Structures are given as C-alpha cells and as structure tokens.
Amino acid sequence: MTLLPYLVAGWIFLVGLYGLVTSRNLIHAVGCLAVTQSSTYVLLLAIGYRDGGTAPVFADIPTDARVVDPVVQALTLTDVVVGATVTALLLALVIQLHKRHGTVDPDELSELKG
Amino acid sequence: MNIARLLPLVVVVPLLGAAVLAVGGRRLPRIASDVVSVAFAATSAALALVALAGGAHGAPYVIDWVGGWRPGPGGEGVGIVLAGDPMSLGLTAFTSLLVVAVLVYSWRYFEEPPRRRSGSFPALILLFQAGMCGFCLTGDLFNSFVFFELMGVVAYALTGFRVEERRPLQGAMAFGLVNSLGGYAMLLGIALLYARTGELGLAQIGRQLDGRSPDAVVLAAFVLVSAGLLVKAAAVPFHFWLPDAHAVAPTPVCMLLSGVMVELGVFGVTRLYWTVFAGPGGVPHEAATRTLVTVGVLTALVGAVMSWRQRHLKRLLAFSTVAHVGLFLIGVGVLSPEGTAGTAIYVLAHGGVKAALFACTGILLDRYASVDEKELHGRARELPLTGALYMLGGLALCGMPPFGTSLGKAVAEESAGHTGHWLTAVFVVVSAVTGGAVLRAGLRVFAGTGPRTYDDDAPGGARVPGDEGPETGTRLRRIPVTMLTVPAVLLAAALAAGLVPQWAAGAGSAAHLFAAHDIYASAVLDGQTAPAAGAAPAHWNTAGVLLGLLSTALGAGLAVLGARRPRGAVTERLLAPLRRLQSGHVGDYVAWAVAGLALLALLAAPGTLTSP
C-alpha cells in the first residue's frame, strides 16, 4: 500500500475547491462540486484496499480468499447515489436560474448582498 | 411492547407520508393533503414523545439495532443502531412538533396554480422531518451523513420552491453548493475515522480511539467532520449561505431552517465530540473548548452586528439566528453538563421564538408583499395582534425572564462564566443587540416610530419594490386564524420552557447523560443502563434573572434609539468591510469555508498532537 491514493484524493478535493472558488459558470461550479465529491470515492476505496485482494463477491471464490473491504464499497455506492441526487437538483436549479436571469455567471447574480 | 421498536417508526412514518402525498397529492384536494400531512407529522411527534416518556422511567436510553444486526460478542459487526437518549429524543419530538406547527401555519400557502401539485410542498416538509429526526436518532456516523444530506437536499429544494421567482433560486444555489461541500468534508472525515478504527458506529469508534494515542489522522477527522456539521450550523466563517437562503426561502421553510435545522448542526458537533473524541485517544477538552468557544464568539459577534444593520426583516432574523448559534456553540463548547443543559433549553425556546417571529414576518409579507423595514414603516399599525406577538418575540429573544430563552441563557452563561468572565458579557451583549434589532424593526413597522424616510441606501434592502411576491397566491385581506394561532402557541411554548420545572429538570439530567464520554458507549454496546442520578436540574437564580433583565433593558434601549435616529455614517463606514464580505458570490463563500477548515485545524491542533 502506497501513499499515492491518499495524495490523489487530497489533490482531487483541492482541485474541485479551486474550481468552485474561481468558477465563472454555475454549470461548471456544479461539475466542480462533483469533482470534489469524487475525492471521497477515491479515499474510501483506497482505505478498503488490501494488497492482493480480489473483489468481495464470494460466488466463485473460496470463502477464505483475500478480499478487499466490502464496507467501503457499500459506502461509496451510497455516496454515489447521494451525489447524483445533489447534482441533479443543483443542475435543475441552474436551468431555472438561466430561464429567469438569462445568465449562469455567478458574477452577474448578486442580488443577495450585505 | 418494547419501546425501542418505535424508534425506526419515528423516521419511517414521515417518509411514508411523503410517499403517500407524492403519489396521491395529484388527486387529493388541498384540504385533504394538508390533513394527511399533519396526521403523519403528528404521529411521528407522538411516537417520539412516547419513546421519550418511556425512556424517562427506568432506562433513559432507548436502543434499537435495526433489523436485529447487533454486533457479535467480540464487538465486531456492521449493524446500524438507532440510539435515543433523552437529549436526542427531546430534540426529535421538538422537531416533529415544530413541523406540525409549520404545516398548520402554511395551509393557505402556495395557492397559485397549478393546483394539482398541492401535495408536493407538504411531502417535501415531511421528507425534511424524516431527515432531521433520523439525524437526531442515529448512532452511526455514516448513517448520520446520509440523513445530513437528505435534510440538505430537501432544504435546497424547499428554499427554491418558488421556481418562478428569481431570488429564491440564487439563495438555494448558494445553500446547496456550500452545504454539499460541507457534507463531503464530513464524509472525508468519516472515511479517515474508519481507516483508523475500522468502525462506523459512534460508540464503537469512540471505544477504539480510547485505546490509542491521538495522531494527525484523528485530528484531521475531527476537523473535517466538525467543519461539515458547522456548515450546517452556520458558524462563522461557514455562515454565508444562511442569510441568503433565509431571506428568500418561503416563510414556513424559514421557520424550520432557523428553528431546528441549524441547531441540529450544533447538536451534531456536540454529540460527535462527546461520543467519539472526548476520550484519551481523541481531542483533549482544552483543544475542543478552544475551538468551539472561539468559533462561537466569532459567530455570535458577527451575527449580532450584521443583524443590527439589516432592514430586510427575514435577513435580520437570519443573522439573529447566526448570532444565537454562536451563543449555543459557546454553551456546549465549555463542555460542562450545566452549559449543555442551558443550551438545550435555550435551543428549544429560541426555536419557538424564532419560528414565531418568522410567522409574524410571513403575515407581513403576505399582506403587504414586502418585508422591508423602510417600506413598511408604520403601515402595519392595523395589525395590533401580529405586532404584539412580534414585539413579545423580540423581548424573548433579548432574554426577558421568564421566557425559556432567558432561563437557557442564564444557565449557559453562568457555566460559560466559569471558563471566562467575559463570555458572560458576550451572552448579554449579543442577545441584547439581536433582540434590539428585532424590536427596532418592530417599532418602525408596527408603531411607525422615528422618521419615515431616512438616508439609507445600504444594500440588503436594495431591491426593486414589489418584486417580493406574497406566498399565498393572492395578498391576504384578512389574516387567517391559523397564521396567528401558530406564533401565539409557539411563544407560549417558549414561555413554558422557562416556567415548567419538569422541563428544566429533564434538560439537566439529559445533559448529564449527553455530555459524558463513556455512558453512551456502555449503553449502546453493553446494554448497561446509566444511572440518571447526580444531575443538577437547570434552575433560575438571581444573577441570571438580573442579567436577563439587563439584556432586555439594553435591547429595548437600543431599539428605541435605533428607531428614532437614522443610522450614523460612522458606524456604517465601520461596518462596511463586514458587509462587503457577504458578497452573494458562491465562490467567495466556498473560499471562506476553506479558510474555516484551516482555522479549525489551527485551533484544534495545539494540545492534540503534542499531548503524551
């Protein structure tokens, strides 16, 4: 097990954050949020990995076979579902915003101030 | 019957109700869908109350391993536990009752066509209730992330419910992006905790951490999970989404967001700290106190100052919620059972008062199509009852005895005073300023105090007149009786929180169980019933009453001064930088959230990494 997957997870999180902070387009911002979230997938799967482990499906392997941790995979699946919900809802809001304001640039959407 | 069997139902009943309304809401007439939704919400509230009452006699903990998946004799297992202690059950019951109040309040809401979707609003509210109740009751960290996201997603949808209007969409967008980011930070922290301990249950993680010394991974997990919860709690500097969302969300939604959802973030941080990190392998008490109290003081001061300078009533109330969250964080952050008990009463009473204030503001919005202090100047003289309720709410927010806000504030500030005397002053000043801001707006709107026009072109109220649509389809001519009864009942509940000694005693013993590291784990994992004895009930004392009267007098004085005199140019210039931070730009909010993560790490690190 190397340090690399953890560094990758941290990098993805930071890249997503950078994109969110500098975004000039809300669709892009929602995409960046999804990028940020994918760092959680990488981290979870990296945590459950075991050297030489195979997929935890016991249909065709002996029950004492070395497998990776199935718990984190279940967590990742749930996480994907959560992410899909959030992304879909936010994109729907962006579409409505575009209909009402005619723009998806956060710099031009600043009625809520102070 | 085993009371623990009721726990899943508390969450499942509103979910079922939401499903029924989502499917049947198209065919049901409006009145039927309202009755169905209230019935489901009230059932859930009743179940939570039964569990609370059943738990109060004998064993205070009500534990249910869902589906019977309990851990084996060695403690290994993947089961999910619902753990109701008096604190979480009380909060669940309060949440459900507030949902009932909100559903009753909103029966005239959203009458505009298309009418065939009459079920969608109550269905979303019930989903929201399920998320909040689940978040309170779960004893599993990943499960709590899922409920966290559930209530988040539903809240974004509710905030942007009026998709035909411009501003709600913007508020919902900022709310959604910042809160989801907080959720993912929380999940990263949960993953780190799983990596360290191989467990996901709060009690199990806590036990595993007890056996090792703290390291950077544990610290990072604490920072990430706390940050996620503090985003929900709208603590500075994670708070920017809250005023934007509250200013534009439908009033009934604001009642829930301000009344309980934000406070659930505080509850989450406290529960997390005591169950997981309070042991020898976690974050030492000094570090946790330093973190929570610093963030709390910042939050309280920023919220108070910002609420004073708002003229948009909903934004004013939103910033006042930020200020009170700061006080709650100080109350739980001193890590004493008394501070926690005081905060519990404070949260209950504040929830009632704040929801009542939003309800009064909603009446203004639906009658005058505006919630702007300047535009409404003196126009609401014709609504004496609403005005009386609003002013009473303002006084309660100041901490006027014998409201529960005053009792909670007194107990929490006394406990905080043991940590630092100046914290007591923070409690008094902050509650006086935010209460004073509410009273000032009330004096202008309901009594027409002060000059009619004043030189003030500050943003925050900068908007095109009349673009704030009433939420009831048409403007109200007559105020429906439900819209007045609900705030009256909520204020009465806040009063009862201060006067009923059983509630204060209950809060005392609940906090005694809540603010302890081992009791939770032994109750959840070993089935040991903890002794409830030894808890001092929260009670009134002379100093608390006097400080409450002092903050009320201060608040009232500030309100009269502020209403009579237009704002000074000097204070405006002093506050301008703070105002500019609230830029309405999502990118800025995210940047501040990142800065907040760094701040939390800096505050929590000393003492955690260097301890033996």
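The structure presented is a predicted model; accordingly, all values stated were derived computationally and were not measured. A note on names: the letters A, B, ... follow the listed sequences, proteins ahead of strands, and every chain is numbered from 1.
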**Message:** Strictly less than 4.5 Å between heavy atoms, which residues of residues 10-18 of chain A line up against chain B? Please order them by number.
**Reply:**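 Residues of residues 10-18 of chain A touching chain B at under 4.5 Å: A:Phe13, A:Leu17.
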**Prompt:** For chain B, which residues from residues 88-95 of chain A have at least one heavy atom closer than 4.5 Å to it?
**Reply:**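 Within residues 88-95 of chain A, near chain B: A:Leu89, A:Leu90, A:Leu93, A:Val94.
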**Item:** Atom group of B:Val594 that falls short of 4.5 Å from chain A, counting heavy atoms
**Value:**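 Just its side chain gets close to chain A.
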**Request:** Apply side-chain contact (heavy atoms from CB on, under 4.5 Å) to B:Ala595 and list each qualifying residue two or more places apart in sequence or on a separate chain.
**Result:**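 Expected list: B:Trp592.
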**Message:** Can you confirm whether A:Arg24 is buried at CZ, in the sense that more than 12 heavy atoms of other residues, nucleotides or ligands lie under 6.0 Å from that atom?
**Reply:**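 Result for CZ/A:Arg24: open.
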**Request:** Mind ranking B:Leu181, B:Val153, B:Leu578 by heavy-atom pairs under 4.5 Å with chain A and telling me who comes out on top?
**Result:**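 Most heavy-atom pairs within the cutoff with chain A belong to B:Leu181.
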**Request:** Name the option with the most non-hydrogen atom pairs under 4.5 Å to chain A; the candidates are B:Gly176, B:Ser180, B:Gly160.
**Result:**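 Heavy-atom pair counts peak at B:Ser180.
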**Request:** Find out whether B:Leu200 and A:Val71 are in side-chain contact, i.e. whether some heavy atom of one side chain is under 4.5 Å from a heavy atom of the other.
**Result:**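 Yes, close enough: below the 4.5 Å cut-off.
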**Item:** Sub-4.5 Å side-chain heavy-atom contact between A:Leu75 and B:Phe145
**Value:**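 The answer is no, as the side chains (C-beta and beyond) never meet within the 4.5 Å cut-off.
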**Request:** Examine whether an atom of A:Thr22 lies under 4.5 Å from a heavy atom of chain B, and if so say whether it belongs to the side chain, the backbone or both; otherwise answer neither.
**Result:**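 Neither part, no heavy atoms under 4.5 Å.
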How long is the gap from [atom1] on [X] to [atom2] on [Y], to the nearest 0.5 Å?
X: A:Leu43; Y: B:Leu192; atom1: CG; atom2: CG; value: 5.5 Å
X: B:Leu177; Y: A:Leu26; atom1: CG; atom2: CG; value: 7.0 Å
X: A:His101; Y: B:Arg167; atom1: NE2; atom2: CZ; value: 9.5 Å
X: B:Arg196; Y: A:Ile47; atom1: CZ; atom2: CD1; value: 10.0 Å
X: B:Leu187; Y: A:Thr36; atom1: CG; atom2: OG1; value: 12.5 Å

**Request:** For A:Asp79, enumerate each residue passing the side-chain hydrogen bond (donor to acceptor under 3.5 Å, both in side chains) test, keeping only those at least two apart in sequence or located in another chain.
**Result:**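 For A:Asp79, the residues satisfying side-chain hydrogen bond (donor to acceptor under 3.5 Å, both in side chains) (neighbours in sequence not counted) are A:Gln37, A:Thr40.
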**Asked** When heavy-atom pairs shorter than 4.5 Å are enumerated against chain B, which of A:Thr78, A:Val81, A:Thr85 gives the highest number?
**Response**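 Option with the top pair count is A:Thr78.
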